[in-house]
Amino acid sequence: MSGFSEDMPFFDEPNARPAAAPSGIAARAMAARSGQNGAPDYLKGLNPEQRLAVETTEGPVLVLAGAGTGKTRVLTTRIAHILATGRAFPSQILAVTFTNKAAREMKQRIGHLIGEGNVEGMPWLGTFHSIGVKLLRRHAELAGLKSDFTILDTDDVVRLIKQLIQAEGLDDKRWPAKTFAQMLDNWKNKGLGPDEIPEGDARSFGNGKGRQLYKAYQERLQTLNSCDFGDLLYHPIRIFRAYPDVLKEYHRKFKYILVDEYQDTNTAQYMWLRLLAQRPHAGRSASSDSAEGRKPDRASEPLRGPRGGPAPAGAEQPVSVNICCVGDDDQSIYGWRGAEVDNILRFDKDFPGATIIRLERNYRSTAHILGAASHLIAHNEGRFGKTLFTDRDDPEDDKVHVHAAWDSEEEARAIGDAIEAYQRQKHNLNDMAILVRASFQMRAFEDRFITLGLNYRVIGGPRFYERLEIRDALAFFRVVANSGDDLAFERIVNTPKRGLGEATIRQIHDTARAMRVPMLEAAATLAESDELKPKPRAALREVAANFERWQKALETTPHTELAETILEESGYTDMWKNDRSADSPGRLENLKELIRSMEEYESLRSFLEHVALVMDAEQNAEQDAVSIMTLHSAKGLEFETVFLPGWEEGLFPHQRALDEGGRSGLEEERRLAYVGLTRAKKNLHIWFVSNRLIHGLWQSTIPSRFLDELPETHVDVADGGNSYGGYGNPYGGGAFASGRGGGRQNPYGASRFDNVGAKDQGSFSNTYATPGWQRAQANRTEATDRNWGTRSGHQVERIGYGETDSGYGAGRTSVKGRTIEGELVAKSVADTPSAFNVGDRVFHQKFGNGNIAAIDGNKLTIDFDKAGQKRVLDGFVAPV
DNA sequence: CGCTCCGCTGTTTTT
DNA sequence: CAGCGGAGCG
């Protein structure tokens, strides 16, 4: 496949030193050096720490780069510096990132520094995975593959595993393929082969057949000439270990290694890096080849080879460990998918004598924002500890605002208003973002913004290449490009429907296995035999003929044209044209877009490789729009104005993180909060609500503990307009929630924004000052810590946010019928779980009075006098 | 073989 | 409440 073709010849360059540097770069370097005091232009404007990070080219270097301290700049300048000073050729630099976006940005920025042309010669700048593919294509045969192997996506993997589970005679619903796929992924993330996985893991799946399944899976991949994402790292690691000569070639090759976002590396990536960064002969010691132990093992295993000393006798060319890792332990938010913060914390032990450089001067945010973020993150243990600072000292700068809202609808409304207020002050929507913890929160904002006619953009929604129609289309292309791609073939034999059901497919499958040929070929054979009934036979014959024709056309027809033909002739386009569902026009549009995007690639094959590795399609960032995205996808971005809604216990920190991750789970949530805070340059607004609709039920919530961890000096607690006063009063004049929010007049004047923080209509202007809130804080330590985090609730199916049976109520009427609006009332609900009967008259804080219409466990359906019928948990209503 | 209905399960996401 | 997957029926 391609990706290969554009490769440069491999060991082409001499192991030469600067003098032999290509003239282009040398010339550039000369020019660059022309500044006064001898410093090249590209070094200008760097602060001393940044400059040190750039110029310390030799030996291991860890750059601890706090948020907004110019991390990418350091990385790119460092590469430019290495190139410009002739320390290495572009092809001798290995630069790894996690995302394609980061790789793209790096390429671009290096290009700006040293000229576009020079970057093209950097074939080893890319994601871990793309570099992994490259290595694997070169040495495929050492992993039992051919160099044109296919990369399977998760969808394929799950289907394949399902087949294997069934083949083992296991019940595939008792042992879901998806679960096993995740286990596999975890193992591979740790660099564990079938024989190295923990016994317990192996036993826990499929009646103890975990290991067996793993083996079967790898074998199957091999016969399919395929590999999964994990293999892209895992195979190279194996190859490096088993073939020291191969590894040695790369040692010779890569003079400088750079790693971005080091805090996100998982164990496999760590091993991969270490193998490459270690000195030549140290690659395969007995210990590193055996079943890989846990962290302590590796951590204590010293790097081999004399540091700075003479090369060991016999070693040809000593390769120094010029590895530079850049990262921020405080921004490690991917622990749940295998990232090991430990990797970064352990750096100086892994690479003795490492230079550690801290970048703490922040160029992004105001002092208030920085102060808030630093104070919050200081609550974490086990960090390197950095203190971000800024010279910025503008009394005009706003403090960080904390707002309260009655419920998520009001939260969306208020944020919408705030955005419009900023807009009136000539702020661009592009400079504003709403960062949520969980994607279900986005909906409220979308709804609101649609009614307002406010442009918004959701980042990180369903990916282009993951859509059904795109995957189908790609499956056709894959079979054409590689007739051995059985998984793709299976996906589309019967698409559009041509009466080829499970039975026929099984038969094709069996024939293929028996004949040891791809399914397509087996299908062709079957179609000519009389083993099938006429109908499937005809269908199959057509399919086979189609593919044969398309495969021939592959050599002669331009690939975009061919792609179109395939979709037409297969009937796929017609299938959607005849589909009358609402989304079919969109799907057709997507198919067109797919074809359009193919134009940039030389061939069908190179396009397919791109798709396998780069699952994202460019977003059109043209028009002015507010961004809505998760905190996770916001990492690395910055905005003038940031809104952080949903700071409530259970949502943020997320209950599940707490349940499953314990203390470290909480710390990761806190880092996530830190990431959120540090995205803001000037304006930062945090929100929490008292009531949230979760899984269709209204639940009370209490403010996030993270709010307590913000320093008062940098925070301004505003009422969100009127959350706890004014119109929010459910008893007032019946102005309370009518559900859809319609009919309520906008409580904010045109200058609503001016009112933030101002005294309000005599209610709770400062939520923190509320006696109830303070009491809640006091209680929380016991109540929360004891009750949150366990799922032992008896009556309660789901402990959502807020209280259930855990004896903790927020913002609700007290049991005695006394109401303290907006107050958090500790209570004990442990008594009588559902002491209600149909027909009972009850009171609910949000909806007022009503009658119980139905009872389902602890869920009540209530006909409210004013709010209509709602479903609520019994804990939230009191008898009248 | 394909369609419909029921029931279950609800973070975060890259490659 | 909503989206998905499995079971079961025509």
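The model shown is predicted, which means the values in this text are computed figures rather than measured ones. Numbers restart at 1 for each chain; the letters A, B, ... are given by sequence-line order, proteins then strands.
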task: Indicate whether OP1 or OP2 belonging to B:dT14 is found under 4.0 Å from a side-chain N or O atom of A:N100.
output: no

What does the list of N/O pairs under 3.5 Å between the protein and nucleotides 2-6 of chain B look like, with a distance for each?
none

statement: To the nearest angstrom, the CD-P distance between A:Q182 and B:dT11 comes to 13 Å

Of all pairs that satisfy salt bridge (Lys or Arg N to Asp or Glu O under 4.0 Å), the ones with a partner from residues 489-501 of chain A, not counting sequence neighbours: A:D155-A:R491, A:D472-A:R491

statement: Rounded to whole Å, CG of A:D228 lies from C1' of B:dT14 at a distance of 14 Å

Which protein N or O atoms sit under 3.5 Å from an N or O of nucleotides 6-10 of chain C?
| unit_1 | atom_1 | unit_2 | atom_2 | d |
| --- | --- | --- | --- | --- |
| C:dA7 | OP1 | A:K173 | NZ | 2.8 |

message: Counting only side-chain nitrogens and oxygens, does A:S439 get under 4.0 Å of the OP1 or OP2 atom of B:dT12?
response: yes

ring-ring contact (aromatic ring centres under 6.0 Å, His included) involving A:F639 - partner list, sequence neighbours excluded: none

message: Given B:dT11, B:dT15, C:dA2, identify the nucleotide with an atom nearest to the side chain of A:E466.
response: B:dT15

task: Could you tell me whether the side chain of A:E411 and the main chain of A:G646 form a donor-acceptor pair under 3.5 Å?
output: yes

With A:Y234 via ring-ring contact (aromatic ring centres under 6.0 Å, His included) - residues at least two apart: none

Contacts of type ring-ring contact (aromatic ring centres under 6.0 Å, His included), residue A:H235, not counting sequence neighbours: none

message: Rounded to whole Å, please give me the gap between CZ in A:F440 and P in C:dC1.
response: 16 Å

query: How close or far is atom C1' of B:dT14 from atom CZ of A:R337, stated in whole angstroms?
result: 5 Å

statement: Separation of B:dT12 atom P from A:L631 atom CG, nearest Å, is 11 Å

task: Starting from P on B:dT13, measure out to CG on A:N189 and report it in whole angstrom.
output: 17 Å

query: Nearest-Å distance, CD (A:Q441) to P (B:dG10)?
result: 18 Å

message: What is the distance, to the nearest angstrom, from the CD1 atom on A:I151 to the C1' atom on B:dT14?
response: 14 Å

message: We want to know whether A:D328 and A:Y262 form a side-chain donor-acceptor pair, criterion being a heavy-atom distance below 3.5 angstrom.
response: no

